[in-house]
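First comes the structure, then the notes that go with it.
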Protein chains: 2
Amino acid sequence: MAAGASGDKDLAPAQRLAAMLGPDMVLTGEAVLPYCRDWHGDVQSDAIAVLRPRDTAEVQACVRAAVALDLQIVPQGGNTGLVLGALPDQPARQVVVTLERMSRIRCLDPDNFSAVVEAGAVLEQVKEAVAAVGLYFPLTLGAQGSCQIGGNVSTNAGGVNVLRYGMTRELVLGLEVVLPDGQLFDGLSQLRKDNSGLDLKQLFIGAEGTLGIVTAVSIKLLPAPEKVATALVALSRLEDAIELYRRARRDCCDLMSAFEFMPPLAIDLAREAMPDLPIPLEATYPAYALIEISGSGLVDIDDLMHRFLEAAFESGLAVDGVVAQSQAQARNLWAIREGMNLGQAQRGRHLRTDVSVPLSRLADFVAEAEAAVTARMPGCICVSYGHVGDGNVHLNVLPDFAQGPAGIDAQILTAKKIVNEVLDRYSGSISAEHGIGRLKKADLDMRLPAVKRQLLALVKNALDPKMTMNPGCQVDL
Amino acid sequence: MAAGASGDKDLAPAQRLAAMLGPDMVLTGEAVLPYCRDWHGDVQSDAIAVLRPRDTAEVQACVRAAVALDLQIVPQGGNTGLVLGALPDQPARQVVVTLERMSRIRCLDPDNFSAVVEAGAVLEQVKEAVAAVGLYFPLTLGAQGSCQIGGNVSTNAGGVNVLRYGMTRELVLGLEVVLPDGQLFDGLSQLRKDNSGLDLKQLFIGAEGTLGIVTAVSIKLLPAPEKVATALVALSRLEDAIELYRRARRDCCDLMSAFEFMPPLAIDLAREAMPDLPIPLEATYPAYALIEISGSGLVDIDDLMHRFLEAAFESGLAVDGVVAQSQAQARNLWAIREGMNLGQAQRGRHLRTDVSVPLSRLADFVAEAEAAVTARMPGCICVSYGHVGDGNVHLNVLPDFAQGPAGIDAQILTAKKIVNEVLDRYSGSISAEHGIGRLKKADLDMRLPAVKRQLLALVKNALDPKMTMNPGCQVDL
């Protein structure tokens, strides 16, 4: 997916789109380029046009116009995805439909713990709007200041709170979707229980826009967690983090909202990215866990955290640690987690993975995969961290940067192959939360059993026989 | 769906099935009748044969044999469904495939909080097996001593713990399904996070066997709730129950596992069904809530319940109440809930509904629907109870039994129409948790928007073009 020069474009379809939809709805030329660049800035693509509908009827009009012109549609939310799912791969045939102008909160029903929001609403704005009425939308991820709720649904986004609240799928009560032929699927129920036959909305969650364009979402809300306790705990090894997680599951009931594992290098990487960041632990340890317990009402969350940690120290699992004494301190602890990502990015191009294995095999998997990578390429550094409670680890590999661009690319490719080979032996997933998009399509493809491929093709052909919606994403069928 | 006399059957297909599959796998004649009778005993149907595979390969063989003979398949679990989803409606063309001989626990991985169980495993046995290793499978419903996990998945079963743990859908990690052409979909992942494209297993959850036969299920487990506090609280009205529920959501964080509403008649009905049942409250009140808070580890559940109830009494919401002091007392409180159902059944044929509305409109809905029923038919008695926290109410109607069988039938039909008319104005669901099956097909049909019907037909035709799997269930397409 190299950059196509803008001049290469056949202008006729763009002009026809503008005539059909009105010029205000159609971006062309240089204006499309920002929509055709990925979040990391690794890839710059192009498109015939970017269509910017303002409401559901306009989305339908966009789809019908594209179909009439035999164009393909790449739906796009905040364009913060990590797998190139929202980026055109055939610029001469594709238009981007951005939902950015559809960002209203259509309905907020605190007494039903629910809201209906348009697909283009930015996640953080949704969280703030529901917080204003004392409620909570638990989806929490790094990109929340930019990502949009429709993209969250289409990618079934995960994040740091999955262990307590589930993936986006579990937070969706209903969907409104414009289908590949422009018809509207109106499934915007706000019912918490509705078991009246096949649950069609499930098809569109995680489909990455291949079956339609999500235009609005009915979401579950929860009481706001009034009290949050955050701790950074130092441990002797990854196995101890997993054991500590298991204890936390039991000791803290369902009140643990995050349990992130970080390796010692995390601290260095965070320091590199944020030199002024206070690091509350003086010594360096083999492993860290960032733990959050939260709740509302009558449960004493601080006391729960203290008693949990007390037992962890007594048993020898925890060797050092600190509990945030203020919201600012809690933010600083989370900043280490985020700084670790920034620090990796600053070092240069590297392998980012997003894999999962059964929790019971996580420590073995990480040890084996890291050993396999460094045995083959001693100059590489593995940085394994993630949402341990879900069995989801980002086993990243920093190449030997001294080897130059071609060497770096080769190392990244080799490291990916090694990690995935070990992963296959552990029956793991190559995409725990980021999705497939176009980046991981080949890796999915070689692992796709025949029956599953056949089912995917049957569903795609049934709903999108003209292959209008995001072809080239997830699977070539 | 009247009973077909056994002698009417064309024996040839049954004999051919026995020849193809071996006589041990094929029941015919009188032996099929128990499999063709519904849970309430209201309906007795018939079938060409009942096929009893012992493993997944035999299920595949059954499906292929049925397809070869141009027969239709009605998959059946514990046959405890309430909507005739597992009962043949064309006895001369249909075979029942029962999963009762596939009841193994294939794998139990406590360290991954997961298990893989075969479809025919009885829910209670699954719960006991995981409890034996200190874990918990939260699905809890009246039929758990008979219902099977495959049926739970196929009907997306609900139950009393949905408000905390979700419907069955949210407890499923993976599925193994025999498809309508006999091929095997092997999706038995035990990963807690796997976001690698379209989630095909969602299609089969709640499909009531119309897209394939679920043969095994990978399930999520949780730490066992070591401490359970159960209380029966008397209230002045339904609105207060809903307000109390909202407070409980906040005050008890995510530790409330059940919140059942019952009307005053509940006590009388329970007494009728179980004369020896101790009723712990001396007076009669306009409304009752049965509340359960549970957890493990470091949270003091009893203290939480007491402080929650203390505040409820102080605010005047709770007017009387009792907290179970032992497991036996807790069981007695739940027995009131179950006795209420038995008592209704003992009085005679009556309207059972399973509707849901937004929680914010539940009290209005119940008041309006009950008033509409009794205004039209003053001799009827409404019994509205249910899982208030999910907006799910069983608004049942006991007819005027003095009017004789024909009058009773007419009243039930009229009451259903009245309730559903009010329900439609509240954008409610005619099936919050029981499914559609054959019993509610006509009611779903008249409410099905054209686009949704079209999508259902597309999916059904794509996966089951010969209409082999449970035709006549959910929707006629």
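A note on names: the letters A, B, ... follow the listed sequences, proteins ahead of strands, and every chain is numbered from 1.
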If we define contacts as heavy-atom pairs under 4.5 Å, which of [options] has the most with chain B?
options: T210(A), V475(A), L179(A), L211(A); answer: L179(A)
options: L191(A), I436(A), V451(A); answer: L191(A)
options: G295(A), G206(A), G197(A); answer: G197(A)
options: T155(A), D199(A), D186(A); answer: D199(A)

Check: Are D303(A) and L298(B) close enough, and set up right, to give a side-chain contact (heavy atoms from CB on, under 4.5 Å), and what steps lead you there?
Finding: CA-CA 10 Å; D303(A) 177 63; L298(B) 301 171; over 6 Å; no
Is the shortest heavy-atom distance from the side chain of [X] to the side chain of [Y] under 4.5 Å?
X: Q202(B); Y: L203(A); result: no
X: L455(A); Y: L463(B); result: yes
X: D254(B); Y: R164(A); result: yes

Margin query: Between D390(A) and R192(B), does any side-chain N to carboxylate O distance fall below 4.0 Å?
Written below: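 Here D390(A) does not pair with R192(B) in a salt bridge, since their nearest N and O are not under 4.0 Å apart.
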Check: Got a salt bridge between E170(A) and K220(B), using NZ or NE/NH1/NH2 to carboxylate O under 4.0 Å?
Finding: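 Between K220(B) and E170(A) there is a salt bridge, with a charged N closer than 4.0 Å to a carboxylate O.
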Taking the side chain from [X] and the backbone from [Y], do they hold a donor-acceptor pair closer than 3.5 Å?
X: S196(A); Y: S431(B); value: no
X: E433(A); Y: D194(B); value: no
X: N112(A); Y: L359(B); value: yes
X: R250(A); Y: S296(B); value: no

[atom1] of [X] to [atom2] of [Y]: how many Å apart, nearest 0.5 Å?
X: N195(B); Y: I205(A); atom1: CG; atom2: CD1; answer: 11.0 Å
X: C253(A); Y: L222(B); atom1: SG; atom2: CG; answer: 11.0 Å
X: R249(A); Y: F113(B); atom1: CZ; atom2: CZ; answer: 5.0 Å
X: K193(B); Y: H387(A); atom1: NZ; atom2: NE2; answer: 4.0 Å

Please look at [X] and chain A and tell me whether the side chain, the backbone, both or neither of the residue comes under 4.5 angstrom of a heavy atom of that chain.
X: Y136(B); result: neither
X: Y426(B); result: neither
X: S356(B); result: both
X: L135(B); result: side chain
X: L173(B); result: neither

Item checked: Check against side-chain contact (heavy atoms from CB on, under 4.5 Å), Q454(B) and Q183(A) -> CA-CA 11 Å; Q454(B) 186 185 320; Q183(A) 287 194 96; 2.7 Å; yes
Next item on the list: Please step through side-chain contact (heavy atoms from CB on, under 4.5 Å) for the pair R169(A) and R169(B), ending with a clear verdict.
Entry: CA-CA 10 Å; R169(A) 185 182 303 279; R169(B) 185 182 303 278; 5.7 Å; no
Note to self: Less than 3.5 Å apart, any donor N or O on the side chain of S360(B) or D109(A) sitting next to an acceptor on the other?
What the structure shows: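 Per modelled atom types, S360(B) and D109(A) side chains form a pair under 3.5 Å.
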Next item on the list: Report the C-alpha distance between D111(B) and R361(A) in whole Å, list the side-chain angles of each, state the deciding distance to 0.1 Å, and finish with yes or no for side-chain contact (heavy atoms from CB on, under 4.5 Å).
Entry: CA-CA 9 Å; D111(B) 287 345; R361(A) 308 189 72 196; over 6 Å; no
